[in-house]
Participant: 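Take this structure first; my questions come after.
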Amino acid sequence: MAEIDIEETAESALFELSEIESIAIRFAGDSGDGSQLIGNEFANTSAIVGNDISTLPDFPAEIRAPAGTLPGVSGFQIHISSEEIYTPGDEPQVLVAMNPAALKANINDLPNGGIVIANTDNFTRNNLRKAGYDGDPLEGNELSNYRVVKVPLTTLHKEAVAHVEGLSNRQIDMMKNFFALGLSYWIFDRPIEPTIRMLEKKFQGKDEIIDGNVSTLKAGYNFGETVEEFQVQYQVKKAVVAPGTYRAVTGTQATAIGMVTAAHKAGKTLFYGSYPITPASAVLEELAALKNFDVRTFQAEDEISALGSGIGAAFGGAFAATGTSGPGIALKSEAMNLALMMELPLVICDFQRGGPSTGMPTKTEQSDLLQCMFGRNGDSPIPIVSPATPSDCFDMIIEAFRIAVETMSPVIFLSDGYLNTSAEPWKIPDPDDIPTISVEHRTDPEGFLPYLRDPKTLSRPWVLPGTPGLEHRLGGLGKEDGTGNVSYDPDDNQHMANIRAERLARIADRIPLQHVMGPKSGDLLVLGWGCTYGAIRSAVRRMRQQGYSVAAAHLRYLNPFPKNLGAILSSYKTILVPELNMGQLSLLLQAKYPTQVIVPFNKVQGLPFKITEIADKIDEILGAPKSASL
């Protein structure tokens, strides 16, 4: 492989190194331009050097939209900081636009004074027309509010890889994103060595691919160092974090790792049956790569059979799970009720996406809460847990399995597309610090009944098929408690409904009490769930620093609620509930706690909340700030 050294130039000494606390960068281009890849790589490198990170991938639902058009724009935003952060940033300060469509789709998000790095080679008349421009915005005054840096990126990239033999034109075109990555590494003082190691590992044995990518990566870095347009290099120092081993992790990765961990902590095989659906498919892919950890994955032909396979696996004694999104939850509802009636431990993952029906498959939303609570025939209460951050997916999926086994019930793990695809640093826990999940399979036939109740949890025995003397029948028909015999007796039906309700209610005795961030009483509590955590926490912290009397709480247990939630709500004059739906949690709170003043704050735009949106709403409710201890 040819060597291209990072050059030390005389001009380097003239560059100013500016230290900043944080910055957000957005890479954008056609869905084939590799914005997601270099965005992830920039995030991983930033995590390696010790920054706190938060990411926001944004990609089209079309597999391959027409090149150069607005529907085909794919973006990836990375927020890096020397302080603890909780969101990918309200707006990028730097936009790397690979074509006119990427510029047009994203320029309104850039604040005045922001930096635009544009690949001028792609600003052709045809591409400008497809993006809806009458003329070239790089040449007029249209972008006068921004600092525009014109880079003939494609030309420079082709020059950088001209020496590499054996590359096709398509391969050369696919590598140009690494020139943009190298340039970004120089601007923000990132090392290129981690990316080189990644390329050498990923393309081992394909020397021409490694050579081409590394050559253009280094060329981009050198370009930043040698041109007058970049007189300032920005440095974001390491964040102060607790000692330990960290890695960048997405919600998808954390969920998969958590599932495997839960199964190992119980000494069980993990079975995951799923039908491909965005954004859940990535979890199936992650788990399929972990088969050496006693993981069995099954890609089903439809949503119903995916859950049916999970029911069979749970009946057979495995730790069973299935994953889907809102449309799949609708299709799985009958099988979910079957698992509830059979009283089998099973985790059902719902990775929510935007809109009803097919909706917006690649955009995020929180609109499945009521469906998960009530979207089945009959009174069928199912426990629901919800992670707050990408790394929290690890803890909450383990919690879902724990509750499922303790309760002998299906449990819904309610996540969303934003948490699935975004990334943050994760301190890898010591496996010995993770509690075991106790599993007991009854083997004693003396006094056995298939629906014999545990006096504390009201769960029934989990008996492996074929255990001598413990043969039994399970099914979805109305039944008599204890024996499980089919029964249409009115009193039996009432009794079983009461049992299911009480079994769920008792979970509140075994989950943590709700925590509040800020004053324990006052004018306003901002209450959220799921992916709103980062924006809520950041907004409340900002407003308290300005003197507002406001606190925050975040629900990770949605059914049942924590036991102290009612007391917490009664300690505040007003409860603000931001959520990415039309007010579903607000509706549940108003039903359960009708004396409280609940103010819904709803957003269904396929995007997470911005910090400023919640901060402005707090200001609207409270008016002039009041003193608050920081």
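Along the sequence shown, residues are numbered consecutively beginning with 1. Side-chain atoms are counted along with the backbone in the values below, which use heavy atoms only and exclude waters and symmetry mates. Because the structure is a prediction, the values reported are computed rather than measured.
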Participant: Could you tell me which non-hydrogen atom of F59 sits nearest to which non-hydrogen atom of T362, and how far apart they are?
Facilitator: O-OG1, 2.7 Å

Participant: Can you say whether the rings of F179 and F223 are parallel (under 30°), tilted (30 to 60°) or perpendicular (over 60°)?
Facilitator: tilted

Participant: For K237, does the NZ atom have more than 12 heavy-atom neighbours from other residues, nucleotides or ligands under 6.0 Å away?
Facilitator: no

Participant: So, taking the atom named CH2 in W186 and the one named CD in Q233, what distance separates them when rounded to the nearest 0.5 Å?
Facilitator: 4.5 Å

Participant: Would you check if the side chain of R190 reaches a backbone N or O of F188 as a donor-acceptor pair within less than 3.5 Å?
Facilitator: yes

Participant: Do NZ/NE/NH1/NH2 and the carboxylate oxygens of D58 and K363 come within less than 4.0 Å?
Facilitator: yes

Participant: For T155, which of D121, T120, N119 qualifies under side-chain hydrogen bond (donor to acceptor under 3.5 Å, both in side chains)?
Facilitator: D121

Participant: Indicate the atoms forming the closest heavy-atom contact of A300 with Y275, along with that distance.
Facilitator: O-CD1, 3.3 Å

Participant: Any chance CG of N141 has more than 12 other-residue heavy atoms, nucleotides or ligands included, within less than 6.0 Å?
Facilitator: no

Participant: Kindly determine whether T252 and E286 satisfy side chain to side chain donor-acceptor pair (under 3.5 Å), including the steps that lead there.
Facilitator: CA-CA 8 Å; T252 292; E286 286 285 336; over 6 Å; no

Participant: For M198, look at atom CE and say whether over 12 heavy atoms of other residues, nucleotides or ligands are found less than 6.0 Å away.
Facilitator: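 Buried by this count: over 12 neighbours within 6.0 Å.
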
Participant: Heavy-atom distance under 4.5 Å between the side chains of V241 and D52, does that happen here?
Facilitator: no

Participant: When the ring centroid of F601 is compared with that of F609, is the distance short of 6.0 Å?
Facilitator: yes

Participant: At what distance, to the nearest 0.5 angstrom, does CZ of R556 lie from CH2 of W529?
Facilitator: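 Output value for this atom pair is 14.5 Å.
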
Participant: What is the distance from atom CD1 of I209 to atom CD of Q204, rounded to the nearest 0.5 Å?
Facilitator: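 The CD1 atom of I209 sits 14.5 Å away from the CD atom of Q204.
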
Participant: Is there a side-chain contact between I187 and I117, using heavy atoms and a 4.5 Å cut-off?
Facilitator: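 Of all side-chain heavy-atom pairs linking I117 with I187, at least one is under 4.5 Å.
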
Participant: Donor-acceptor check, side chain of D90 to backbone of T612, threshold 3.5 angstrom: yes or no?
Facilitator: yes

Participant: Can you give me the closest heavy-atom contact between V73 and A28, atom names plus distance?
Facilitator: CG1-CB, 4.5 Å

Participant: Mark yes when over 12 heavy atoms from residues, nucleotides or ligands other than E165 sit less than 6.0 Å from its CD; otherwise mark no.
Facilitator: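 Counting other residues, nucleotides and ligands, CD of E165 stays at 12 neighbours or fewer.
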
Participant: Determine, step by step, whether T226 and N222 satisfy the side chain to side chain donor-acceptor pair (under 3.5 Å) criterion, reporting the C-alpha distance in whole Å, the side-chain angles of both residues, the deciding distance to 0.1 Å, and the verdict.
Facilitator: CA-CA 6 Å; T226 56; N222 289 336; over 6 Å; no

Participant: Can you check whether P361 reaches P279 side chain to side chain, under 4.5 Å on heavy atoms?
Facilitator: no

Participant: Please examine the side chains of C393 and T250, heavy atoms only from C-beta on, and report whether any two atoms are closer than 4.5 Å.
Facilitator: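 The answer is no; the side chains never approach within 4.5 Å.
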
Participant: Look only at the side chain of S274 and the backbone of G323, and say whether a donor-acceptor pair between them is shorter than 3.5 Å.
Facilitator: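 Indeed, once roles are kept as given, a pair shorter than 3.5 Å links the two residues.
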
Participant: Atom NZ of K206 and atom CG of L199: how far apart are they, to the nearest 0.5 Å?
Facilitator: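 These two atoms lie 12.5 Å from each other.
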
Participant: For T154 versus K176, what's the shortest heavy-atom pair and its separation?
Facilitator: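 Shortest heavy-atom separation between T154 and K176 comes out as OG1-CD, 3.9 Å.
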
Participant: Using the side-chain contact (heavy atoms from CB on, under 4.5 Å) rule, take Y418 and L56 through it: C-alpha gap first, then chi angles, then the decisive distance, then the call.
Facilitator: CA-CA 7 Å; Y418 169 48; L56 176 62; 3.6 Å; yes

Participant: Please confirm whether the backbone N or O of G273 pairs with a side-chain atom of T322, one donor and one acceptor, at under 3.5 Å?
Facilitator: yes

Participant: Can you confirm whether S82 sits close enough to V236 that some side-chain heavy atom of one is under 4.5 Å from a side-chain heavy atom of the other?
Facilitator: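 Of all side-chain heavy-atom pairs linking V236 with S82, at least one is under 4.5 Å.
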
Participant: Is C349 close to V283 at the side-chain level, that is, under 4.5 Å between some pair of heavy atoms?
Facilitator: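 V283 does not reach C349 side chain to side chain.
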
Participant: I would like to know whether R353 and N420 meet side chain to side chain donor-acceptor pair (under 3.5 Å); could you show each step before the answer?
Facilitator: CA-CA 10 Å; R353 67 192 206 184; N420 258 33; over 6 Å; no

Participant: Is a donor from one side chain sitting under 3.5 angstrom from an acceptor on the other, for E83 and S22?
Facilitator: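 Side-chain D/A pair, E83 to S22: absent.
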
Participant: Using every non-hydrogen atom in the two residues, find where L110 and V94 come nearest and quote the distance to one decimal.
Facilitator: CD1-N, 3.9 Å

Participant: Nearest 0.5 Å please: distance from the CG atom of L103 over to the CG atom of N127.
Facilitator: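 Between atom CG of L103 and atom CG of N127 there are 12.0 Å.
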
Participant: Got E41 and Y185 here, is their nearest side-chain heavy-atom distance under 4.5 Å?
Facilitator: yes

Participant: Is N169 atom CG crowded by more than 12 heavy atoms from other residues, nucleotides or ligands, each under 6.0 Å away?
Facilitator: no

Participant: Please walk me through it: do T45 and F42 pass side-chain contact (heavy atoms from CB on, under 4.5 Å)?
Facilitator: CA-CA 5 Å; T45 300; F42 192 96; 5.9 Å; no

Participant: Does CZ belonging to F298 count more than 12 external heavy atoms closer than 6.0 Å?
Facilitator: yes

Participant: Walk me through whether N177 and H157 qualify under side-chain contact (heavy atoms from CB on, under 4.5 Å).
Facilitator: CA-CA 9 Å; N177 56 335; H157 156 67; over 6 Å; no

Participant: Can you classify the ring geometry of Y533 versus H554 as parallel (below 30°), tilted (30 to 60°) or perpendicular (above 60°)?
Facilitator: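 Answer is perpendicular, since the angle exceeds 60°.
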
Participant: Counting C-beta onward and ignoring hydrogens, is there a side-chain heavy-atom pair between E365 and Q352 closer than 4.5 Å?
Facilitator: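 The answer is no; the side chains never approach within 4.5 Å.
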
Participant: If the plane angle is over 60° it's perpendicular, under 30° parallel, otherwise tilted; pick one for F394 and W426.
Facilitator: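 Aromatic pair F394/W426 classed tilted.
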
Participant: Has the side chain of T297 got a donor or acceptor atom that lies under 3.5 Å from a matching backbone atom of Y272?
Facilitator: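 No; zero donor-acceptor contacts below 3.5 Å.
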
Participant: To check you understand the geometry: which heavy-atom pair defines the closest contact between L167 and V164, and what is its length?
Facilitator: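 Closest pair (atom of L167, atom of V164, distance): CD1-CG1, 3.6 Å.
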
Participant: Report yes or no: does K104 contribute a side-chain atom to a donor-acceptor pair with the main-chain N or O of G132 at less than 3.5 Å?
Facilitator: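 Checked: pair present.
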
Participant: When you measure from the side chain of D30 to the backbone of A67, do you find a donor-acceptor pair of N or O atoms at a distance under 3.5 Å?
Facilitator: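 Looks like no, no N/O pair under 3.5 Å.
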
Participant: Is there a donor-acceptor pair under 3.5 Å between the side chain of Q77 and the backbone N or O of P88?
Facilitator: yes

Participant: How many angstroms lie between atom NE2 of H79 and atom CD1 of I25, to the nearest 0.5 angstrom?
Facilitator: 8.5 Å

Participant: Begin from the C-alpha positions of F293 and L270 and carry the test side-chain contact (heavy atoms from CB on, under 4.5 Å) through to its verdict.
Facilitator: CA-CA 9 Å; F293 295 93; L270 175 67; over 6 Å; no

Participant: Can you tell me if S367 uses its side chain to pair, donor with acceptor, with the backbone of N581 under 3.5 Å?
Facilitator: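 Flag not set: sc S367 to bb N581 has no pair under 3.5 Å.
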
Participant: Indicate yes or no for a side-chain donor-acceptor contact from N112 to the backbone of Y146 under 3.5 Å, with no hydrogens or angles considered.
Facilitator: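 It does not hold such a pair.
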
Participant: With a 6.0 Å cut-off (strictly less than), is the heavy-atom count around NZ of K427, excluding the residue itself, greater than 12?
Facilitator: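 Yes, NZ of K427 has more than 12 neighbouring heavy atoms, counting only those of other groups under 6.0 Å.
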
